[in-house]
Amino acid sequence: MQVEMNRIKPADARVGHGIRALSLTGLSRSVSNFRRNRQSGSLLALSLAASLVGGPAPAQTVSTSSHSSNPDQVGRKNPGNKVGSRFRKGADSFRAAMIASERTTAVFQRAGTLPPREADPYAKFEKLRERGLVVSIPGPADTITQDEGGVRSALAEVGIGYVGWTQYLFVDNVLPNAARSTIANQLYSGQNPTYYTQNFLMVTYDLSQFGIPDGQIIVGTEQQSWNWQPGGPDRWGINEIAYYQTLFDRKVELKMGYLRNNYEFAGTVVGGNAGSSVFGSSSNILYEGGLSSNQTPTPAINLTYHFDDQLYTKSTLQRAISPDGSYTQTIQNSTGLNWSMPNAGLLFLDETGYRNKAAPGVSDTWLRAGAGFNDSKYTSLAYPTQPRDNGNSFYYLAADRQLWQVDPQGAPGRGIYAGFSVMSAPSDINKVSQYGELRVYAKGFFDSRPRDQISIVVTDTVWSKLAVNAALAKGNLVHWDSKAISGTYTAHLAPGIYLNLGLSYINNPTSITYTPQTGHALNFSAATTIAF
């Protein structure tokens, strides 16, 4: 029913704005219903709302002469209106019912009187976010630029998405007598004040517009700079050039190109958020085994098969990084574009897992186990002078479970979590042969800080017995493992801005050999992540 609003006048000044648009015929019908349902304000509100949007009688205009403080006069001047003297009482009751019913939005939603919720303005960018990752990269809504000036929207219209971020990290051993040294002779991160910066830019191109299911082309670049080169070293190059699509109604995911598989397997970042990734797992076993990373992308083909919505298996056939480690890989291939590397062969890795994401009343759960086999040529730790002729392997088991939900209905992912990781590798060719981690962390624990994260992580890195015995035979002070406990707080300060503060106590922060002055460290860490 359409009404010319400029012709409508209120039937009674005391009725108020709530019934200004009512037709007298519709109001008469609603008040009659009210008399039969005097005790039910919600039913009255629903009936009146129905008269607004769908009454069968045409709208009637009310002239100025019908205004009166006496409801009997209204009845006389409108003889067809049977409300008569009861009009005022009905109108007052209607006004009270309207006030009460405003507290029950479900009634109005059923009556169709409330406008629909505003659509998420960033939903259109979801298909442009990089696919296939197990690490959460900030989306457009969580960036400092968001859609400023409509730039993101303009690019999205032609199928282009992007995200960039910058990370700065500072680490310093705050214990007295920390055996400071020259940077050239520094043995571990934090022995001297250590800092680095990493800058990323990822661009995606949507191929689904050409009929390729979930198709994407991903191109990324990474730049890093360290004041302590063994931690890095400095580089600028690619971190990914990839093609992605799904097959067989999303049962299969295919991703191929130059990949950074540390973001695709194992889930080593505590909490899964790239904003806090600088304080993730410190295990070296995956990289000793040849897994690629942001700094060391290599050619690979990844295939994921989903048995159902929770159970999956994911495999990669990847050209392994250098068997001499990430540092050598970066020095010899700083751009990341080299197709081959000296002594590097193929890595086959399979991970099978169960992942059930948080939902109202359903806890977030992720169980995964993986095994990798590498035919690269490694140097034997038992016989270091013999020619390289050794393959490698590694194994891992990890689990994370949400123990409690802070806001099950509104944001089920918020809550307290616990998890563990265990990894192992042959001790005859890997300096780190075992690694264990226990973690407890909270996402959005405080209602006033729903995007913050708190974590406590305990780790134990076990050195190869062969490597330790070799160092002991040379008369060095040695240790068999390195234990650490770290506490961190990641604060989401604003869209796209994170601050991460941490304190880590490390027993034996150096590699296998040490001195009495380097036996302990208490590292203070401060990091910022800015996404744009």
Side-chain angles (χ1 to χ4, degrees), residues 169-196 225-234 278-288 323-328 330-331 378-385 423-438 456-488 502-527:
L169 173 65
F170 171 80
V171 184
D172 187 31
N173 183 1
V174 296
L175 288 179
N177 305 316
R180 303 293 189 187
S181 68
T182 63
I183 293 293
N185 296 321
Q186 185 173 334
L187 298 176
Y188 63 90
S189 179
Q191 183 177 6
N192 297 315
T194 305
Y195 58 88
Y196 81 84
S225 179
W226 292 71
N227 73 325
W228 178 53
Q229 288 300 297
D234 296 351
V278 290
F279 296 110
S281 168
S282 60
S283 171
N284 288 322
I285 286 181
L286 298 175
Y287 307 121
E288 286 181 332
D324 297 324
S326 297
Y327 180 86
T328 300
T330 305
I331 289 294
Y378 285 80
T379 299
S380 171
L381 295 178
Y383 308 101
T385 60
M423 303 182 182
S424 66
S427 62
D428 58 336
I429 53 177
N430 297 285
K431 285 188 176 181
V432 178
S433 62
Q434 296 178 48
Y435 175 80
E437 177 176 303
L438 295 175
I456 299 175
V457 182
V458 179
T459 64
D460 186 17
T461 301
V462 180
W463 306 103
S464 162
K465 293 181 179 180
L466 290 173
V468 172
N469 287 332
L472 188 62
K474 296 178 181 179
N476 295 313
L477 289 175
V478 300
H479 50 83
W480 298 94
D481 68 349
S482 177
K483 295 181 174 65
I485 180 170
S486 302
T488 64
L503 196 63
S504 301
Y505 173 76
I506 309 169
N507 181 36
N508 297 319
T510 65
S511 186
I512 294 171
T513 62
Y514 72 101
T515 66
Q517 293 77 23
T518 61
H520 307 274
L522 183 63
N523 280 352
F524 167 75
S525 304

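Values below: all heavy atoms of this structure, side chains included; hydrogens, waters and symmetry mates excluded.
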Work out which heavy atom in D172 is nearest to a heavy atom in N192; give both atom names and the distance. OD1-C, 4.1 Å
Do S433 and S427 have side-chain atoms, one donor and one acceptor, less than 3.5 Å apart? no
The test is side-chain contact (heavy atoms from CB on, under 4.5 Å); show your working for M423 and L286 and say whether it passes. CA-CA 8 Å; M423 303 182 182; L286 298 175; 4.1 Å; yes
Is there a side-chain contact between L503 and N523, using heavy atoms and a 4.5 Å cut-off? no
Start with the C-alpha gap between W463 and S482, add the side-chain angles, then the distance that decides, and say whether side-chain contact (heavy atoms from CB on, under 4.5 Å) holds. CA-CA 8 Å; W463 306 103; S482 177; 4.3 Å; yes
Take atom CD1 of I456 as the centre, draw a 6.0 Å sphere, and report whether it contains more than 12 heavy atoms from other residues, nucleotides or ligands. no
Could you tell me if N173 and Y188 have a donor-acceptor pair between their side chains, going purely by distance under 3.5 Å? yes
Are there over 12 heavy-atom neighbours, none belonging to Y195, within less than 6.0 Å of that residue's OH? no
Give the minimum heavy-atom separation between I512 and A467, together with the two atoms involved. CD1-CB, 3.4 Å
After noting the C-alpha distance and the side-chain angles of S189 and W228, does the key distance pass the side-chain contact (heavy atoms from CB on, under 4.5 Å) rule? CA-CA 8 Å; S189 179; W228 178 53; 3.9 Å; yes
Going by the salt bridge (Lys or Arg N to Asp or Glu O under 4.0 Å) test, which pairs reach into residues 466-482, not counting sequence neighbours? D481-K483
Quick one: ring-ring contact (aromatic ring centres under 6.0 Å, His included) partners of W226, sequence neighbours excluded? Y196
T194 vs Q186, side chain to side chain donor-acceptor pair (under 3.5 Å): CA-CA, chis, key distance, verdict: CA-CA 10 Å; T194 305; Q186 185 173 334; 2.9 Å; yes
Residue set satisfying ring-ring contact (aromatic ring centres under 6.0 Å, His included) with Y514, at least two apart, ordered chain then number -> H479
Do Q191 and T510 have side-chain atoms, one donor and one acceptor, less than 3.5 Å apart? no
